Participant: 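For reference, the structure I am asking about is given below.
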Amino acid sequence: MKFKRLFALLSAVALAGTALAKDIELLNVSYDPTRELYVDYNAAFAKYWKAKTGDTVSIKQSHGGSGKQARSVIDGLRADVVTLALAGDIDPISEVARLIPADWQKRLPHNASPYTSTIVFLVRKGNPKAIKDWDDLAKPGVAVITPNPKTSGGARWNYLAAWEFAKRKLGGDEQAKGFVAKLLKNVPVLDSGARGATTTFVQRGIGDVLISWENEAYLALKEFGADKFEIVTPSLSILAEPPVAVVEKVAKKKGTLAVATAYLEYLYSAEGQDIAGKHFYRPIDPKAAAKYAGQFAPIQLFTIDEAFGGWSKAQKIHFADGGTFDQIYLKQ
Amino acid sequence: MKPLNSAARTALFTALAAVSLTASLPAQTASAGDLDALREQIRQLDQKLRVLERNSELKEEAAVAASKKQPKLTVGDNRIEVVSADGANSLRLRALVQADARFYLDSATTGPGQNPANAQDGFLLRRARLIFEGKFNDNLQYTVVPEFGGTLQILDANVNAVVTPGFQIRVGRFKTPIGLEQLQSDPVAFFNERSIATNLTPNRDVGIQVWGELLDKRLSYAVGVFNGVLENGNSPTTSANTEGDFTTVGRLFATPFVNDKDSALKGLGFGIASGIGNSNGVATNTYKSDGQQDFFAYTSTTSAGRSLTVSPQAYYYTGPLGILAEYVSVTNELTRGTNTRQVTNTAYNLSAGYVLTGEDASYTGVSPRSSFKPSADTWGAFEVVGRVAQLDVDNDVFKGGTPLALSATNASKVTAYGAGLNWYLSKAVRANFDVTQNKFDFQGARPTSGILSDDELVFSTRFQVSF
């Protein structure tokens, strides 16, 4: 038999084998407080994708501290997409592991952040320690719960929000450093992620105040009751822009690139934005943003670019080995 | 540190409060301010305790998470395995050792001196293999099997890329997908030796195969291109495709009821396999009896053109009963000097087994419910097996001035009967006791001496360790 015919035969079998694969599985590696958001969103996307293509897509979720999750992807966790807490956690997946193109933030609208959030305080009902703003967190006798910035993206937003508040109020970086040192001295437990910190504060009953993602604070209120906790909105906070990206190298290998891309693009759809709003994220679509604006208290927000020159710079100065966090925390 | 439960915590605080009250207010009633101070003191102690508990909890969580990142070593009765923390990479070590004894009970002689022709009575190490299996990145599997029994050789060495379960690509040296019993793993076959029908199927070859399971495991397929070997032969690993052409092999095997748990036909499988190729100048192989004696060998004959193998095949397993059947037809163009002929040899095999102790029989073997342990009054599993098989050599091979094989020294047809008892001492250890008779027919007169001077009757035993 001629080899060409054999090759044609094998190719035909190969195509047949591939054509039969109609079930698709994606892995979304995300950060801690997005569990509930993506449970709803995954169901909506699966329905949309089934109607559009006839294929059944199931999405597995993995959650943890954002930095820790990024490390897992770099170390080989086969994520099709990452939906992490900050761009600084996706950058190393691109730069170190080269699993994501360098221009990943330009591949989706709004710097690849389909929703935003900010940082607020969750306190116990009646606010017994009278916490109103950031400077109350550094007072003696106030126990503050915030996760570890080395492993948690949310904790890094917390840290930077506190830093910028102090810098503006006290006059400079040195003063800000002193303020953050005082605040960290009040932290009795350092969880590895935001969900763990919420557990510490809400379920284990530790601390007077939880520095929290806005959506996580509202979720805690909804889940555990407004009779037990209340939200305090500080005078100033940071605009958190959790970004998303397709892990292209992995998705290409798994043959899921198209569906993974569609999965993230659908976050920008009317349905995707509405689901984000329902889960107390701030939608970027004006219509959805207007619909859910009433559920958030007014707050003055600054961006990381304005205050710190972007994530890359902030990461280097504050959270890299030997950065300000290490300088403060290792001393304590 | 183990976190305290709420009852323990309450008891502790009560005790602390009592101690505080006793210490600070020995002889007077506490004022409201004192009580507030005490409440605050207790609150602070409560917080300290909670913090200690939570930190302990986090430490435990971190330890568990760290342990999950460690590779896992598993030592069991079917493998020794090291698996990476994420499960994507592994190395599994298995082994197969078969220690046999054979006793020839027939009267074959060498002739005038009347010496027994069957001089092979004795013990032998039939197979001694280390089996290395594993995977990289979850979907790249590999197998390397060195054979230490008999000729030292690499038996299997291949890589299997799993694109999907329905589409996999295997490259290297492995079993050619034709013979049903040949494809069955060595340690789980009904008898010590495969049936004489296996003489007509190729053994291991070097090539590439696309294969997989479709329709929720109801249909398996394999299509491969190999260097090509004649029946009962192995492709060498040391040279390329010397005769210059490839052999194409295809196999379809259906198990239509495999997912119907309650169906009586759940264990039914049937299919067909075929191989076709061209070769010139490749030496033919001998055919062996159940007692592993040569009953047929071509004389200075080599391949001279097309080879076609066709094998319809089926098995049926239900409860303790297992039946395996196959038919093989091989058509070869062969030459010896000026005598070139197309000859067709055929064979069939019908084997059955019944597990007396009630365990389920299957194509992949029997798993005993208990192991041999007299002190616990457990004896493992027992299976009786029976077989009838026949191999018929084309009469044309004995024709012509320079026949391809000599009728005076070769059987033209062999009918084999066998019965046996398999004792599964554990999942990994099995002892077999087989009696087989091979009845030889000839084109002319039966040889008066040599192994074919009488029908073969063999009692063979095997002690096998396979994990």
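To find a chain, count down the sequence lines: A is the first, B the second, and so on, and within it residues start at 1. Worth knowing before you read on, the calculation uses all heavy atoms, side chains too, and leaves out hydrogens, waters and symmetry mates. Being a predicted model, the structure only gives us computed values, none of them experimental.
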Participant: Check whether L190(A) gets within reach of chain B through its side chain, its backbone, both or neither, counting any heavy atom under 4.5 Å.
Facilitator: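 Contact with chain B involves the backbone of L190(A) alone.
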
Participant: What is the distance from atom OG1 of T200(A) to atom CG of L58(B), rounded to the nearest 0.5 Å?
Facilitator: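 Taking OG1 in T200(A) and CG in L58(B), the distance rounds to 5.5 Å.
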
Participant: Taking atom NZ of K253(A) as the centre, does the number of heavy atoms from other residues, nucleotides or ligands within less than 6.0 Å exceed 12?
Facilitator: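 Atom NZ in K253(A) is not crowded, with 12 or fewer foreign heavy atoms closer than 6.0 Å.
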
Participant: Heavy-atom distance under 4.5 Å to chain B: side chain of D191(A), backbone, both or neither?
Facilitator: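 For D191(A), the contact with chain B is made by backbone and side chain together.
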
Participant: If I compare all heavy atoms of P188(A) with all of N55(B), which pair ends up nearest, and what's the gap?
Facilitator: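 That would be O-ND2, 3.5 Å.
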
Participant: Does atom NZ of K125(A) have more than 12 heavy-atom neighbours, drawn from other residues, nucleotides or ligands, at distances under 6.0 Å?
Facilitator: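 Yes - once you tally the heavy atoms of other residues, nucleotides and ligands closer than 6.0 Å, there are more than 12.
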
Participant: Enter the distance from K254(A):NZ to D138(B):CG here, rounded to the nearest 0.5 Å.
Facilitator: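 So the gap between those two atoms works out to 9.5 Å.
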
Participant: Can you confirm whether Y329(A) is buried at OH, in the sense that more than 12 heavy atoms of other residues, nucleotides or ligands lie under 6.0 Å from that atom?
Facilitator: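 No, because the 6.0 Å sphere around OH of Y329(A) holds 12 heavy atoms or fewer from other groups.
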
Participant: Heavy-atom count around K68(A) NZ within 6.0 Å, excluding the residue itself: above 12?
Facilitator: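 It does not: K68(A) NZ has 12 such atoms or fewer within range.
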
Participant: Taking CZ in R35(A) as the centre, count heavy atoms belonging to other residues, nucleotides or ligands within less than 6.0 Å. Is the count above 12?
Facilitator: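 Yes, because the 6.0 Å sphere around CZ of R35(A) holds more than 12 heavy atoms from other groups.
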
Participant: Is there side-chain contact between R54(B) and T199(A), with at least one heavy-atom pair below 4.5 Å?
Facilitator: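 They are in side-chain contact.
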
Participant: Pull out the residues in residues 202-210 of chain A that come under 4.5 Å of chain B, heavy atom to heavy atom, sorted by number.
Facilitator: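 Listed by number, the contacting residues are R204(A), G205(A), I206(A), G207(A), D208(A).
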
